[in-house]
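Numbering starts at 1 and runs along the sequence shown. When reading the values below, keep in mind they use all heavy atoms of this one structure, side chains included, and skip hydrogens, waters and symmetry mates.
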Amino acid sequence: MHRKWQGQCEACGAWNALIEEAPLTSGPKPATSRGRAVALSSLDSDEPPPPRARSGLAELDRVLGGGLVPASAILVGGDPGIGKSTLLLQATAAFGGAGLNCLYVSGEEAAAQVRLRAQRLGLARAPVKLAAETALRDILTTLDAERPDLVVIDSIQTMWLDSVESAPGSVAQLRAVAHELVSFAKRRGVAVVLVGHVTKEGQIAGPRVVEHMVDCVLYFEGERGHQFRILRAVKNRFGPADEIGVFEMTGAGLAEVANPSALFLSERGKPAPGSVVFAGIEGTRPMLTEIQALVAPSALAMPRRTVVGLDSGRLSTVLAVLEARCGIGFAGQDVFLNVAGGLRVQEPAADLAVAAALISAREDVALPPDMVVFGEISLSGALRPVSQRENRLKEAGKLGFTTAMLPAGGRAGRTGGAEPAVTLREQADLAGFVEAILGAPGAG
Ligand SMILES: Nc1ncnc2c1ncn2[C@@H]1O[C@H](COP(=O)(O)OP(=O)(O)OP(=O)(O)O)[C@@H](O)[C@H]1O
Ligand SMILES: [Mg+2]
């Protein structure tokens, strides 16, 4: 709380994010009426689940949990310039093609600019109605008359309500605009997509207040300099979270990537020390990615620990366990860790692949190129089996990998079927694993 006007928030550093609230002068107001009893109902009902609309873009439909739910509110966040407008223009065109009445409201670009993009994407004839407007009051009136099935608001930061005094993009405006749009969605049965300039780390405090108001929060992520874009559901009231859709940014817009493993591994060069293929799961889908490590002598008193695409806390844990349980120290060494292709890996199952990459880099030994690694490392140095082992192995087999290093135990069962079988090399603890990859006697 601040007693007087203040321009900058002390907590997050954002300017003009603080909102003035009038103090209560004489305590809470006394109740003037007793209120009425609310009708109660049971959980049991014969109502069919809401019909979902599919766009035909499989990557998008999966992230939405199987299609667009009517009357839902969706927030799509992402860094500036990552391709949000492109994605949503393609999505509205696809939903329009599937028979939905779609409206695209751009507050950032003039109609001509959006039309130009549509032409570039080959969507000039798509059944999408377009408006360039920032006054929310006018937009709501238009929506009331138009009754669309889907409306995209690009972006929420540009919209403003005349009833709120602060500038567009301020927290007060964001909250009011989002509230109006979300309640409109519920009242009229319209699916509303809000675009927000948000980064996952939430540097801009404002749009985060919108997250709890909406049904579904999607992040559109990607590394600059990489053409891959990932749409990730971080919250979904109508489907699984953590589901991802993979796209590739091309001159003609976003192209779906049906087989991301092949794409993420396609950049892999010849076997090099520090490179390991991790058999991961993203949402419901197995995905192979390359984890790269570099270990080099450090000139710094506090050696560097640089991580891209993985949690730096996990790296510290793996380094500590390697040191404490296997006597492999990294003191005086800079450690760099990277997931190739710009993907973010969040599973603990990546621990073992991280350890393998670190050891391989430190000892300057290249691992066999046809091997995948996965498993969780516990603080005691034991290896823990992870979920969906068969799916991971199946994907590895499909892509031509012949060996897998993984924790012992877990659900037994042979891989195989249509895919070539993968030879399993199971280890109970990290010390055994280290011996096995360094080719000490008793390996395998
Ligand atoms: N003529 C073009 N050819 C190929 N790619 C292009 C072209 N114009 C734009 N792009 C790609 O589209 C991206 C911008 O996409 P888009 O405008 O959809 O992003 P955005 O997230 O909506 O950005 P903003 O934050 O400005 O709203 C660019 O970074 C670029 O990669
Ligand atoms: Mg945009």
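- Between Lys129 and Glu146 there is a salt bridge, with a side-chain nitrogen of the basic residue lying less than 4.0 Å from a carboxylate oxygen of the acidic one.
- Considering every non-hydrogen atom in both Arg54 and Phe95, the closest pair reads C-CE2, 3.8 Å.
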Please report the C-alpha distance between Glu211 and Lys235 in whole Å, then the side-chain angles of each, then the deciding distance to 0.1 Å, and finally whether the side-chain contact (heavy atoms from CB on, under 4.5 Å) criterion is met. CA-CA 9 Å; Glu211 284 191 355; Lys235 159 180 168 177; 5.8 Å; no
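- Rounding to the nearest 0.5 Å places CZ of Phe247 at 10.5 Å from CD1 of Ile230.
- More than 12 non-hydrogen atoms from other residues, nucleotides or ligands lie less than 6.0 angstrom from CD of Gln6.
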Set out, in order, the CA-CA distance, both residues' side-chain angles and the distance that settles side-chain contact (heavy atoms from CB on, under 4.5 Å) for Ile291 and Leu337, then state yes or no. CA-CA 7 Å; Ile291 292 184; Leu337 197 66; 4.1 Å; yes
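- There is a side-chain donor-acceptor pair under 3.5 Å between Glu395 and Ser261.
- Taking each heavy atom of Leu123 and Leu89 in turn, the nearest pair found is CD1-O, 4.1 Å.
- Judged by distance alone, the side chain of Arg314 and the main-chain N or O of Asp351 form no donor-acceptor pair under 3.5 Å.
- Val151 is not listed as a side-chain neighbour of Val193, based on a closest heavy-atom distance of 4.5 Å or more.
- A donor atom on one side chain and an acceptor atom on the other are found under 3.5 Å apart for Asp334 and Ser298.
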For the pair Glu243 and Thr284, evaluate side-chain hydrogen bond (donor to acceptor under 3.5 Å, both in side chains) and give the outcome as yes or no after the intermediate values. CA-CA 7 Å; Glu243 195 67 75; Thr284 53; 3.1 Å; yes
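- A side-chain donor-acceptor contact under 3.5 Å links Thr402 and Asp370.
- Shortest non-hydrogen contact noted between Gly65 and Pro240 is CA-CD, 4.3 Å.
- The pair Lys186-Asp215 counts as a salt bridge, with a side-chain nitrogen and a carboxylate oxygen less than 4.0 angstrom apart.
- The structure places CZ of Arg115 at 6.0 Å from CG of Leu130, a figure rounded to the nearest 0.5 Å.
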Run the salt bridge (charged side-chain N to carboxylate O under 4.0 Å, His left out) test on Arg229 and Glu59 for me, step by step, so that the C-alpha distance in whole Å, both residues' side-chain angles and the decisive distance to 0.1 Å come before the verdict. CA-CA 11 Å; Arg229 296 285 183 275; Glu59 297 293 304; over 6 Å; no
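- Side-chain atoms of Arg137 and Leu161, non-hydrogen and from C-beta on, do get closer than 4.5 Å to each other.
- Cation-pi geometry between Arg392 and Phe374 is met: the NZ or CZ atom falls under 6.0 Å from the ring centre, inside 45° of the normal.
- Of the candidates Thr158, Asp162, Val164, Trp160 forms a side chain to side chain contact (heavy atoms under 4.5 Å, CB included) with just one, namely Asp162.
- Going from atom CG of Leu75 over to atom CE of Met213 covers 10.5 Å, rounded to the nearest 0.5 Å.
- No donor-acceptor pair closer than 3.5 Å links the side chain of Asn338 to the backbone N or O of Ala340.
- Put simply, the side chain of Leu218 does not reach to within 4.5 Å of the side chain of Arg232, judged on heavy atoms.
- Without hydrogens or angle criteria, Arg285 side chain to Ile244 main chain gives a donor-acceptor distance under 3.5 Å.
- Contact annotation: the side chain of Phe184 approaches that of Asp144 to within less than 4.5 Å [non-hydrogen atoms, C-beta and beyond].
- In summary, the side chains of Gln173 and Ser166 do not present any donor paired with an acceptor at a separation below 3.5 Å, with no hydrogens or angles considered.
- With rounding to the nearest 0.5 angstrom, the CZ atom of Phe330 is 8.0 Å from the CZ atom of Arg305.
- In this structure, Pro369 and Phe401 approach most closely via the heavy-atom pair O-CE2, 3.5 Å.
- By the 4.0 Å N-to-carboxylate-O rule, Lys84 lies too far from Asp154 to be salt-bridged with it.
- A salt bridge is absent between Glu282 and Arg344: the closest approach of a Lys/Arg side-chain nitrogen to an acidic carboxylate oxygen does not fall below 4.0 angstrom.
- Listed for the Gln8 side chain is a donor-acceptor partner under 3.5 Å among the backbone atoms of Gly13.
- Residues Glu108 and Ser155 bring a donor and an acceptor atom of their side chains to less than 3.5 Å of each other.
- Note that CG of Leu150 is 6.5 Å distant from OG1 of Thr92, once rounded to the nearest 0.5 Å.
- More than 12 heavy atoms of other shown residues, nucleotides or ligands fall within 6.0 angstrom of atom CZ in Arg187.
- With hydrogens and angles ignored, the 3.5 Å screen pairs a side-chain donor or acceptor of Asp61 with a backbone N or O of Ser55.
- The closest side-chain heavy-atom distance from Glu290 to Phe278 is not below 4.5 Å.
- Taking each heavy atom of Pro148 and Leu103 in turn, the nearest pair found is CG-CD1, 4.0 Å.
- Of the possible donor and acceptor atoms, one in the side chain of Gln90 sits under 3.5 Å from a partner among the backbone N and O of Leu254.
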For the pair Val214 and Leu194, evaluate side-chain contact (heavy atoms from CB on, under 4.5 Å) and give the outcome as yes or no after the intermediate values. CA-CA 9 Å; Val214 297; Leu194 309 173; 4.1 Å; yes
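- Of all heavy-atom pairs between Ser275 and Ser360, the closest is N-OG, 4.3 Å.
- Using a 4.5 Å cut-off on side-chain heavy atoms (C-beta onward), Leu358 and Leu322 make contact.
- Side chain of Glu347 to main chain of Ala349: no donor-acceptor pair is present (N/O by atom type, distance under 3.5 Å, no hydrogens or angles).
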Show the numbers, then the answer: is there a side-chain contact (heavy atoms from CB on, under 4.5 Å) between Ser85 and Glu109? CA-CA 10 Å; Ser85 304; Glu109 293 161 303; 4.1 Å; yes
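- Under the 4.5 Å side-chain criterion, counting only non-hydrogen atoms from C-beta, Ile281 is not in contact with Met287.
- Contact of the Val354 side chain with the Ile377 side chain is not registered, since no non-hydrogen atoms from C-beta on lie closer than 4.5 Å.
- Interatomic distance, CG of Leu343 versus CG of Leu288, reported as 11.0 Å (0.5 Å rounding).
- In the displayed structure, Arg304 atom CZ is contacted under 6.0 Å by at most 12 heavy atoms of other residues, nucleotides or ligands.
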